[in-house]
Chemist: 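My questions will all concern the structure given below.
Every chain is numbered from 1, with letters handed out A, B, ... down the list of sequences.
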Number of protein chains: 4
Amino acid sequence: MPRRQAENERIRDEQRQNILRAAEKVFARKGLAAAKMTEIAAAAGVSYGLAYHYFESKEELFAALVEHEIRGTMRGIQEALEERHGTPWERLTRMVAWMLQGMQEQPEAVLVTLHALTSEATPPEIRQRFYELAHLNNEVITQLIIEGQKAGEVVQGDPEQLAAFLGSSIQGIAISMTYGGVLSLKIPDAALVLRGLKA
Amino acid sequence: MPRRQAENERIRDEQRQNILRAAEKVFARKGLAAAKMTEIAAAAGVSYGLAYHYFESKEELFAALVEHEIRGTMRGIQEALEERHGTPWERLTRMVAWMLQGMQEQPEAVLVTLHALTSEATPPEIRQRFYELAHLNNEVITQLIIEGQKAGEVVQGDPEQLAAFLGSSIQGIAISMTYGGVLSLKIPDAALVLRGLKA
Amino acid sequence: MPRRQAENERIRDEQRQNILRAAEKVFARKGLAAAKMTEIAAAAGVSYGLAYHYFESKEELFAALVEHEIRGTMRGIQEALEERHGTPWERLTRMVAWMLQGMQEQPEAVLVTLHALTSEATPPEIRQRFYELAHLNNEVITQLIIEGQKAGEVVQGDPEQLAAFLGSSIQGIAISMTYGGVLSLKIPDAALVLRGLKA
Amino acid sequence: MPRRQAENERIRDEQRQNILRAAEKVFARKGLAAAKMTEIAAAAGVSYGLAYHYFESKEELFAALVEHEIRGTMRGIQEALEERHGTPWERLTRMVAWMLQGMQEQPEAVLVTLHALTSEATPPEIRQRFYELAHLNNEVITQLIIEGQKAGEVVQGDPEQLAAFLGSSIQGIAISMTYGGVLSLKIPDAALVLRGLKA
DNA sequence: TATGAATGAGAGTTCATTCAT
DNA sequence: CATGAATGAACTCTCATTCAT
């Protein structure tokens, strides 16, 4: 009996992950409204009925996915922040490099969050979480910029605006890279991205 | 007596514009899949039947809208390019300023094209047109960068990559500004945006 | 004024005929349900709005058409019946020949009445009229058959059944001929059609 | 545990048949254009959604039905042809008797094919199949007539034309019988139908 | 846990019909 | 008399979701 239970739990976890991964692919390509549950289930190699064992609804699945990705990103930002060695500029560079690397490794996460952000059809709770992430992101960068300005490494100016500008640029790069078929944008290095902020 | 032909043509033109404007609002907020024809018609103050009098289908309406916006943007780029006075850097600055101004004045056009770009549900012809625009845009900027490099005003490096980087940044800014509720990004001036490319 | 009035009346009559002729073509090819008013109007070379000046509705137009054709056929049957010279067999032959000729000259009338008969979507009044025609037709033939049997020219048997059989055959021939592309049925002569009834 | 595959297959087969039978009734009475999917689904005792689970569209359902009926008829003709005992006249009589019986037992099949034939709204592929059936039918009868003529049992004349004439008559009878409310045509026996071809 | 048959709300679309001009 | 812009009832079809097995 306990063997059976443990087995079941393992299966549950695996299937959940399986479905989430499939959902990520489909939502990334289509967005919430245009994605179909049958397509997600097919991509996961399960019946569409099964998706409803694990997730209440399409929206809930989307929410779970976005939440998962937001947590991952937030965790990453925190970790990057904890590596405190080096000058502020070096830390800023590490942070940007980490972001550029993340978007290259998980372009689908970028797309899903973009869809979540850009469609009013996105449920409010999801957008709310996204806003929180954006704020955290901005705060962290702002903090680094302030420190960099004190150290004379970063150009003068409203740190929040500079942070927002930097964040926007990175987001834009993420989009261009993900739709890289269009322009053959090679991933720029952190130095280029940060060049505009150098004192 | 039938209505005068000129009168009819005027009505047709006006309603078409009317519906296109309404469609822009709705598609900008929701994207193609999540937008409803009834909503668009209601926003235009007409019956949904009339929308079909002027456009074959929702997709065709979307395509007409994207086409319209792409043409507008392309025309703008060409015009900006024709003002040839000043150094390359000055011209680059004018171009970027014009883009920043455009996205501020017509944020919905930005959103519509973004939706068109990011959803695979977008009909291929439409995406194709978007790619063409992106290429034109990139070529023009590339050209200015090359001239700037010759004049020693722009940092050295692959001009196409620099252009793509600049374009991406601007696109990212456009998105952030349009979803300005999130971060209070004030529109950065062209000088800041271009700072990273200064020799 | 009177000149103007007469002129108007002439136009009215001509347009009515014009629209009826166009409707015949379209209804013949499509049937009531699948025919579109815009198509009929286009075939008549008028605006679709004009069709509603002359006919209350699509159904009414269809009814008027069927009525027109039924009247024509009935008149024809009566006239054929009034030519009383010759033996019953000769008169039967003349009647059948007249029918065969009619279906050859106005295949569309055959199709319209067939559509009227075969779709339950046909308004009841129209079907009623059609039944009346069928009965008249049957009565007339029955009468001729009775006379023919008395004269020893027609095979023995229930005259109504024989008449129905003859009528059915002719109807079948009409259909085959009209869809003549399929089988290249040449119009059979009255002698062949009647051969089965010969004493 | 998922439902056993065999069970599912059985359900699928039964429902498909169920819906086809219901569709036959409705299409027979109304034709393709006037028939509504909700009506067909209701007649089958299922939701309209389910009809789309089994058939892509109304047209596809109609096509499947016509195809089914055409196959049945063709098979019947082939089988009737294989009973080779008796003189040509006897075999012709058997064939006609079989046709008369068929139309009496399955009047709806007659109506469906008639609708398929008479409306230009019918998809071309479907009409094509119908033409093939008509040709097969005609060939078979033609062959029997040729043999009958050789045996001196059938009247002289172009066998194809005689066959077409016979086929048309039978089709006409089918229509009259199916719309039997109009004329009370009792089903004629094969002898009467063939009397016109007797040598 | 897993499947897919079954349902029906809701969206897109068509087209008869009205009516201002 | 004539036109075609405008309306909305009615249909077709999609797809999220439920549930028997």
Chemist: Can you check whether B:Leu61 reaches B:Lys58 side chain to side chain, under 4.5 Å on heavy atoms?
Modeler: no
Chemist: Between the base of F:dA6 and the side chain of B:Tyr52, is one N or O donor paired with an acceptor at under 3.5 angstrom?
Modeler: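 Answer is no: no donor-acceptor pair is held.
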Chemist: Base, sugar-phosphate or nothing for C:Phe55? Non-hydrogen atoms, less than 4.0 Å.
Modeler: nothing
Chemist: Mind listing the closest non-hydrogen atom pair of D:Ser119 and C:Lys30 along with its distance?
Modeler: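 Closest approach of D:Ser119 to C:Lys30, heavy atoms only: OG-O, 3.2 Å.
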Chemist: Could you check how far CZ of B:Arg10 sits from P of E:dA20, rounded to whole Å?
Modeler: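 Between P of E:dA20 and CZ of B:Arg10: 17 Å.
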Chemist: Find the distance B:Asn18:CG to F:dA5:P and express it as a whole number of Å.
Modeler: 15 Å
Chemist: Starting at atom NZ of B:Lys58, determine the distance to atom P of E:dA11, rounded to an integer number of angstrom.
Modeler: 9 Å
Chemist: Rounded off to whole Å, could you give me the CD1-to-P distance for the A:Ile19 and E:dT1 pair?
Modeler: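 That distance rounds to 11 Å.
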Chemist: Nearest-Å distance, CG (C:Leu32) to P (E:dC15)?
Modeler: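 Computing the C:Leu32:CG to E:dC15:P distance gives 14 Å.
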Chemist: Which part of the nucleic acid, if any, lies within contact of B:Ala35, taking any heavy atom under 4.0 Å across all strands shown: a base, the sugar-phosphate backbone alone, or nothing?
Modeler: sugar-phosphate
Chemist: Whom does F:dA2 pair with, Watson-Crick or G-U wobble, provided both distances fall under 3.5 Å?
Modeler: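 Because both required distances fall under 3.5 Å, F:dA2 counts as paired with E:dT21.
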Chemist: Is the number of heavy atoms from other residues, nucleotides or ligands within 6.0 Å of CD (C:Gln106) greater than 12?
Modeler: no
Chemist: Rounded to whole Å, how long is the line connecting atom CD of C:Glu56 with atom P of E:dA16?
Modeler: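 Interatomic distance, CD of C:Glu56 to P of E:dA16: 16 Å.
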Chemist: Check B:Arg129 with B:Glu125, please: is the shortest side-chain N to carboxylate O separation under 4.0 Å?
Modeler: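 B:Arg129 and B:Glu125: not salt-bridged.
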Chemist: For a quick test of reading the model, state the closest non-hydrogen atom pair linking A:Ala64 to A:Phe55 and the distance between them.
Modeler: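 For A:Ala64 versus A:Phe55, the nearest heavy atoms are CB-CE2, 3.9 Å.
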Chemist: Using only side-chain N and O atoms of A:His53, determine if any of them is under 4.0 Å from OP1 or OP2 of E:dA2.
Modeler: no
Chemist: Hey, is the side chain of D:Arg12 poking within less than 4.0 Å of OP1 or OP2 on E:dA5, counting only N and O atoms?
Modeler: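 Yes, D:Arg12 has a side-chain N/O under 4.0 Å of OP1/OP2 on E:dA5.
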Chemist: Taking CD from D:Gln5 and C1' from F:dT21, how many angstroms apart are they, rounded to a whole number?
Modeler: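 Answer to the nearest Å: 14 Å.
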Chemist: Could you pick out which residue, A:Lys36 or C:Tyr54, lies toward the 5' side of DNA chain F when each is mapped onto its nearest nucleotide?
Modeler: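 The answer here is C:Tyr54.
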Chemist: Classify the nucleic acid contact of C:Ala41 as base, sugar-phosphate or nothing, counting any heavy atom under 4.0 Å across all strands shown.
Modeler: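 The answer is nothing, as C:Ala41 stays clear of every strand by at least 4.0 Å.
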Chemist: Select one nucleotide: of E:dG4, F:dT7, F:dC1, the one nearest the side-chain heavy atoms of D:Asn8.
Modeler: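 That would be E:dG4.
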Chemist: Starting at the 5' end of DNA chain E, which residue's closest nucleotide do you reach first, D:Glu9 or C:Glu59?
Modeler: D:Glu9
Chemist: Just to confirm, is there a sub-4.0 Å distance from OP1 or OP2 of F:dA5 to any side-chain nitrogen or oxygen of B:Gln15?
Modeler: no
Chemist: If you assign D:Leu50 and B:Tyr48 each to the DNA chain E nucleotide with the nearest heavy atom, which residue ends up on the more 5' nucleotide?
Modeler: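 Of the two residues, D:Leu50 wins.
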Chemist: Consider the side chain of A:Ile11, meaning its heavy atoms from C-beta on, and name the nucleotide among E:dT1, E:dA6, F:dT7 that approaches it most closely.
Modeler: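 Selected nucleotide: E:dT1.
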Chemist: Decide whether A:Asn18 and A:Gln15 meet the rule of one side-chain donor and one side-chain acceptor closer than 3.5 Å.
Modeler: yes
Chemist: Rounded to whole angstrom units, what separation is found between the CE atom of C:Met37 and the C1' atom of E:dT14?
Modeler: 15 Å
Chemist: Which residue, C:Gly45 or B:Val46, contacts DNA chain F at a nucleotide closer to its 5' end, judged by nearest heavy atom?
Modeler: C:Gly45
